[in-house]
Amino acid sequence: MKSITLKITKEKIGEKEMFFSSYELLKMAINTTPQQGFNVDEMQKRLRLLAELDKHKERFNIEEKDFNDSFLERTAELELEDSDYAKLKELIKDSKWGVISQSIVDLCNQFN
């Protein structure tokens with residue numbers, strides 16, 4: 001078993017303060033469609049990851065309009081079997097992001 005710490009961070013991007021949820025970032029990485037699409041085996045692997053991640057949905061699935069600094073204290077451990085951890089590591093490392101963010105880099109660094 002391996003674990004990833006889920007948390008919420010705040011960062012200034014340009015002139016705007018932004019909140020980042022590692023729950024949402026991982027969810028985006030898992031749901032990103034590969035250029036060639038999904039085969040059933042790939043779907044099953046990703047569905048298993050989403051099921052594990054969704055065990056923390058209630059704690060981290062927060063509407064953007066509701067974010068405030070009190071959420072910065074929320075953390076949880078995402079526990080994964082080694083094969084699921086390896087798959088998630090592959091997905092997060094291969095993800096392309098539309099913003100330069102230390103929060104994303106820090107999340108990726110948990111997989112080193």
Side-chain angles (χ1 to χ4, degrees):
M1 284 287 239
K2 296 193 178 183
S3 66
I4 298 296
T5 301
L6 301 177
K7 60 185 175 180
I8 297 172
T9 57
K10 183 167 85 171
E11 183 176 349
K12 190 169 185 175
I13 305 291
E15 297 300 316
K16 185 177 179 185
E17 291 283 332
M18 296 184 69
F19 288 93
F20 289 89
S21 164
S22 51
Y23 168 87
E24 289 297 333
L25 293 171
L26 291 172
K27 202 168 174 180
M28 285 190 288
I30 295 166
N31 282 310
T32 298
T33 306
Q35 188 173 2
Q36 70 278 11
F38 298 104
N39 61 34
V40 173
D41 183 52
E42 183 68 15
M43 280 185 213
Q44 290 173 324
K45 289 175 184 175
R46 291 180 187 223
L47 285 169
R48 191 169 50 249
L49 288 171
L50 288 170
E52 288 301 315
L53 191 58
D54 277 347
K55 290 178 181 177
H56 303 282
K57 182 178 184 174
E58 195 171 303
R59 187 161 183 81
F60 292 99
N61 192 21
I62 305 161
E63 295 290 326
E64 186 176 343
K65 65 180 176 51
D66 296 330
F67 271 114
N68 64 62
D69 285 351
S70 70
F71 292 116
L72 296 173
E73 298 174 16
R74 291 188 181 189
T75 63
E77 292 299 315
L78 175 63
E79 301 277 334
L80 297 171
E81 297 292 333
D82 289 351
S83 61
D84 290 335
Y85 178 89
K87 182 62 182 177
L88 187 55
K89 178 179 180 177
E90 170 192 325
L91 293 173
I92 197 76
K93 295 286 185 180
D94 290 345
S95 290
K96 305 295 183 219
W97 305 98
V99 64
I100 297 171
S101 166
Q102 188 62 49
S103 298
I104 295 170
V105 171
D106 291 345
L107 175 61
C108 291
N109 285 340
Q110 286 192 67
F111 289 91
N112 291 331

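What's counted below: heavy atoms across the whole structure, side chains too, no hydrogens, waters or symmetry copies. Numbers for residues simply follow the sequence, beginning at 1.
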Looking at Glu77, I want to see if its CD is surrounded by more than 12 non-hydrogen atoms of other residues, nucleotides or ligands under 6.0 Å.
yes

Residue pair Thr5, Leu107: steps toward the side-chain contact (heavy atoms from CB on, under 4.5 Å) verdict:
CA-CA 8 Å; Thr5 301; Leu107 175 61; over 6 Å; no

How far does NE2 of His56 sit from OG of Ser21, to the nearest 0.5 angstrom?
11.5 Å

Lys2 and Asp84, any side-chain heavy atoms less than 4.5 Å apart
no

Side chains of Met1 and Leu80: closer than 4.5 Å at any heavy-atom pair?
no

For residues 88-112, which residue pairs pass the salt bridge (Lys or Arg N to Asp or Glu O under 4.0 Å) check, not counting sequence neighbours?
Lys87-Glu90

Return yes if some donor-acceptor pair links the side-chain N/O of Asn39 with the main-chain N/O of Glu42 below 3.5 Å, else return no.
yes

Exercise answer: donor-acceptor pairs, residues 25-36 side-chain atoms, under 3.5 Å, sequence neighbours excluded:
residue, atom, partner, partner atom, Å
Asn31, ND2, Lys27, O, 3.1
Thr32, OG1, Met28, O, 2.7

Which value, rounded to the nearest 0.5 Å, describes the distance between Cys108 atom SG and Ile92 atom CD1?
4.5 Å

By the ring-ring contact (aromatic ring centres under 6.0 Å, His included) test, which pairs, at least two apart or in different chains, include something from residues 87-112?
Tyr85-Phe111

Distance-minimising heavy-atom pair for Ser103 and Thr9
OG-OG1, 2.7 Å

Test question: given the 4.5 Å side-chain rule for I, L, V, M, F, W and Y, name all other residues clustered with Phe38, or answer none.
Met43

Do Arg74 and Lys7 have side chains that get closer than 4.5 Å, going by heavy atoms?
no

Side-chain heavy-atom pair Leu72, Phe19 within 4.5 angstrom cut-off:
yes

Does the side-chain contact (heavy atoms from CB on, under 4.5 Å) test come out yes or no for Leu53 and Leu49, once each step is laid out?
CA-CA 6 Å; Leu53 191 58; Leu49 288 171; over 6 Å; no

For Glu79, enumerate each residue passing the side chain to side chain donor-acceptor pair (under 3.5 Å) test, keeping only those at least two apart in sequence or located in another chain.
none

When you look at Arg48 and Glu52, which way does the salt bridge (charged side-chain N to carboxylate O under 4.0 Å, His left out) test go after all the steps?
CA-CA 6 Å; Arg48 191 169 50 249; Glu52 288 301 315; over 6 Å; no

Stepwise, does the side-chain contact (heavy atoms from CB on, under 4.5 Å) test hold for Ile4 with Gln110?
CA-CA 7 Å; Ile4 298 296; Gln110 286 192 67; 3.7 Å; yes

For Ile100 and Ile13 the tightest heavy-atom approach is O-CD1, 3.4 Å

Let me confirm one number: the OH-CG distance from Tyr23 to Leu6, rounded to the nearest 0.5 Å.
9.5 Å

Please report, to 0.1 Å, the donor-acceptor pairs under 3.5 Å made by any side chain of residues 58-70, with sequence neighbours excluded.
residue, atom, partner, partner atom, Å
Arg59, NE, Thr75, O, 3.0
Asn68, OD1, Ser70, N, 2.8
Asn68, OD1, Ser70, OG, 2.4
Asp69, OD1, Lys10, NZ, 2.9
Asp69, OD2, Lys10, NZ, 3.2

